[in-house]
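For reference, the structure is listed below as structure tokens.
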Amino acid sequence: MTNEAPKNEARLPWTGHGDGVWSLPATVISDDECEVMVGAIWTDEDGLQVTIEVPEGMIPAALVPKVTAAMIDLSFHGQHGPAGA
């Protein structure tokens with residue numbers, strides 16, 4: 001796998017934290033009862049990792065399709081990392 005983004009891919013808003021660690025802003029998915037944050041972290045050592053933060057520890061079934069879609073979107077668009085960010 002290469003860290004170089006394809007030429008036609010829009011640049012994602014990666015934020016550098018030093019030592020080869022980058023992150024993307026979290027996407028917030030919520031309903032009246034729960035707020036789920038889905039984000040991504042890139043490290044030069046491990047590559048892309050998608051993160052999920054859920055206050056209650058469980059994702060309500062009604063939010064699962066939206067959370068899954070956000071995870072897939074981040075994993076697809078972030079797979080090349082912050083090359084050139």
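All values below were derived from every heavy atom in this structure, side-chain atoms included, with hydrogens, water molecules and symmetry-related copies excluded.
Note on Met37 and Ile29: separate hydrophobic clusters, where clusters join Ile, Leu, Val, Met, Phe, Trp and Tyr whose side-chain heavy atoms are under 4.5 Å apart, directly or indirectly. If you chain together hydrophobic residues whose side chains sit under 4.5 Å apart, Val50 and Val64 fall into the same group. Val67 and Ile41 fall into different hydrophobic clusters, where Ile, Leu, Val, Met, Phe, Trp and Tyr side chains are chained together by heavy-atom contacts under 4.5 Å.
How far OG1 of Thr68 is from CG of Asp73: 12.5 Å, rounded to the nearest 0.5 Å. Atom CD of Gln79 and atom CG of Leu74 lie 11.5 Å apart (nearest 0.5 Å).
Annotation: side chain of Leu24 is in contact with side chain of Trp14 (closest heavy-atom distance under 4.5 Å). Put simply, the side chain of Ile59 reaches to within 4.5 Å of the side chain of Ile52, judged on heavy atoms.
Listed here is the closest heavy atom pair of Ala40 and Leu48: CB-CD1, 3.8 Å. Among all heavy-atom pairs drawn from Val54 and Cys34, the shortest one is CG1-SG, 4.1 Å. In this structure, Pro25 and Pro13 approach most closely via the heavy-atom pair CD-O, 3.5 Å.
Counting non-hydrogen atoms of other residues, nucleotides and ligands closer than 6.0 Å to CD of Gln49 gives a total above 12. Open room surrounds CG on Asp19; 12 or fewer heavy atoms of other groups in view lie less than 6.0 Å from it.
Every side chain to side chain contact (heavy atoms under 4.5 Å, CB included) that Glu35 has, sequence neighbours left out, goes to Val28, Ser30.
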